[in-house]
Novice: 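First, the structure itself, so that you have it in front of you.
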Amino acid sequence: MDPHSSPHPAQHSSPHPTRWSLTPAPRVLHLCLHLLMAGLLVLAAVRAHSAAGTVMAALVGAVYAAGSLLPSVGSSQRAAAVWLGVLGASWLGLLWLTPEALWVAFPLYFLQLHLLPTRWSLPAVALTAGAAILSYVGHGAALNPGVFIGPLLGGAVAVATVLGYQALYRESERRRRLIEELIETRAELAAAERHAGTLAERERLAREIHDTLAQGLSSIQLLLRAAERALPPGSPAAGHIDRARQAAQDNLAEARRFVRALSPPDLEHGSLAAALERLCEPGAGSGAYGSYEPGAAGPRVRFSVSGTPAELPTPYEVALLRIAQSALANTVRHASASRAEITLSFMDASVTLDVVDDGKGFDPGSVRQSSEGGFGLPAMRSRAESLGGTFTVESAPGQGTAVAVSLPLPAGVSA
């Protein structure tokens, strides 16, 4: 690889990338550097007025060209340092023969600053400028401010140019990485929003099907059963009513299967009680509203059922599961509790869920909706009230927290 090429930093194979590789410059600048070196060597050879000067200028040019063609110079600081040492030694030989070679110091400044670390490149630039000044004086030139200002000013300009370019490149890379992170974050947020929208739509469809189609079919069944009982014995309509009732029953079962298919994944493989029990297992890992590990980093969580379990409508199961997940996530994140308990209670006309912990507690009156998306107490309260239930929080600083939700059992459901 050409040492004057500009590989991307991420593509650099060396564990210690060269300074040049970290600051890629446009190809036109590389070409200008090559042309500048060639022109100054030709000038030195012509002004040397000797065969030795011409041969030495050609040697410097050959060393420079060899470094441009060797891949190791662009991938290893050690190889670059060796090459610059050989190039500098040959240039000193040319300086010995002709003072015109001091102009070659200017492209050497850029090479040293690009290929060497700062702790080496700055001393190398200073030594190169000193050698150029001493050579000019050694060849008997009259002392004047220009003898010192020229090489030193050239070195200062080279240092300012290279270091300024490196600073600009680092800032550009920082902004590029920031833009890439923003794009990735936006894609992740979009995926999360799509996933959340899918789950919300599944829950909405399940609720709508249960509240309309399933309830309607159930009512049709009851009406047909009443009509069947009201028919006189041997009525020819009895068979039709029986077939209609059976069709309504079959479609009701199909609607319930469809509702179960649309229910949250946590409820797909069992009842609400089973889902809540899995939520309390050590290493449960992640809930809908947070990441927690009961029994490990979080508190020990126990689950219990009170009363006779009843089959609840899907919206009830979804709401109770989500509230339990959110409450337990709040306990793990904020309560610093050692123990927590989730209790699901079935009563004659209602079902209740209690989440209690022995954490540090808080003042419920000072809580506002979460700025991280609203999945806190207001969201839990909204879920409960949307089903006609009640939601209460009892807590005080240093006295733990108790979250309770009570939902009235719909008609036809009894514990």
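As the structure is a prediction and not an experimental result, all values here were calculated from the model.
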Novice: Which heavy atom in Leu272 sits nearest to a heavy atom in Glu317, and how many Å separate them?
Specialist: CD1-O, 3.6 Å
Novice: Let me confirm one number: the CZ-NE2 distance from Phe362 to His334, rounded to the nearest 0.5 Å.
Specialist: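 So the CZ of Phe362 and the NE2 of His334 are separated by 9.5 Å.
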Novice: What are the two closest non-hydrogen atoms of Ile241 and Ala227, and how far apart are they?
Specialist: CD1-CB, 4.2 Å
Novice: Any idea which heavy atoms bring Gly389 and Pro408 closest together, and the distance?
Specialist: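 Heavy atoms only, the tightest pair is CA-CD, 3.9 Å.
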Novice: For a 4.5 angstrom cut-off between non-hydrogen side-chain atoms, does Arg381 reach Leu377?
Specialist: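 Not in contact.
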Novice: Should the pair Glu171-Arg174 be classified as a salt bridge under the 4.0 Å nitrogen-to-oxygen rule?
Specialist: yes
Novice: Can you confirm whether more than 12 heavy atoms, excluding those of Arg245, are under 6.0 Å from its CZ atom?
Specialist: yes
Novice: Can you find a heavy atom in the side chain of Val159 that is under 4.5 Å from one in the side chain of Leu122?
Specialist: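 SC-SC contact between Val159 and Leu122 confirmed.
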Novice: Side chains of Tyr316 and Leu387, heavy atoms from C-beta outward: is any pair under 4.5 Å?
Specialist: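 Yes, their side chains come closer than 4.5 Å.
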Novice: With rounding to the nearest 0.5 angstrom, report the CG to CD distance, Leu344 to Glu277.
Specialist: 11.5 Å
Novice: Taking Arg177 first and then Glu181, would you say they form a salt bridge - that is, a charged N and a carboxylate O separated by under 4.0 Å?
Specialist: no
Novice: Would you say Ser326's side chain and Ile323's backbone share a donor-acceptor pair under 3.5 angstrom?
Specialist: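 Not a single qualifying donor-acceptor pair exists.
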Novice: Is Ser395 reaching over with its side chain to a backbone N or O of Gly400, donor-acceptor style, under 3.5 angstrom?
Specialist: yes
Novice: As an exercise, state the distance from OG1 of Thr331 to CG of Asp357, rounded to the nearest 0.5 Å.
Specialist: 4.0 Å
Novice: Show the nearest heavy-atom pair for residues Ala384 and Val405, with the distance to one decimal.
Specialist: CB-CG2, 3.4 Å
Novice: Would a 4.5 Å heavy-atom cut-off, applied to side chains only, mark Val356 and Glu394 as touching?
Specialist: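 Val356 vs Glu394: side chains apart.
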Novice: Would you mind reporting whether Tyr64 and Leu87 have side-chain heavy atoms less than 4.5 Å apart?
Specialist: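 Side chain of Leu87 against side chain of Tyr64, heavy atoms only: contact under 4.5 Å found.
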Novice: Run Gln246 and Arg243 through side-chain hydrogen bond (donor to acceptor under 3.5 Å, both in side chains) and show every step you take.
Specialist: CA-CA 5 Å; Gln246 186 61 44; Arg243 286 191 294 272; over 6 Å; no
Novice: Please walk me through it: do Met380 and Val355 pass side chain to side chain contact (heavy atoms under 4.5 Å, CB included)?
Specialist: CA-CA 12 Å; Met380 289 187 270; Val355 182; over 6 Å; no
Novice: Between atom SG of Cys280 and atom CG of Leu276, what is the distance when rounded to the nearest 0.5 Å?
Specialist: 7.0 Å
Novice: Under the side chain to side chain contact (heavy atoms under 4.5 Å, CB included) criterion, do Leu409 and Met347 qualify, and how do the steps go?
Specialist: CA-CA 9 Å; Leu409 291 177; Met347 291 174 279; over 6 Å; no
Novice: Is there side-chain contact between Phe303 and Ile342, with at least one heavy-atom pair below 4.5 Å?
Specialist: yes
Novice: Would you compute the distance between atom CG of Leu224 and atom NE2 of His240 and round it to the nearest 0.5 angstrom?
Specialist: 13.0 Å
Novice: Which heavy atom of Asp354 sits nearest to which heavy atom of Ala404, and what is that distance?
Specialist: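 Reported closest heavy-atom pair: OD1-CB, 3.2 Å.
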Novice: Atom CG in Asp358, atom CZ in Arg339: separation rounded to 0.5 Å?
Specialist: 4.5 Å
Novice: Write down the atom of Ala337, the atom of Pro299, and the distance for their closest heavy-atom approach.
Specialist: O-CB, 3.3 Å
Novice: Is there a salt bridge (Lys or Arg N to Asp or Glu O under 4.0 Å) between Glu173 and Arg176 once you walk through the steps?
Specialist: CA-CA 5 Å; Glu173 280 296 288; Arg176 181 186 62 80; 2.7 Å; yes
Novice: Quickly, which of Thr352, Leu312, Val351 forms a side chain to side chain contact (heavy atoms under 4.5 Å, CB included) with Leu407? Name it, please.
Specialist: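 In the set Thr352, Leu312, Val351, the residue that makes a side chain to side chain contact (heavy atoms under 4.5 Å, CB included) with Leu407 is Val351.
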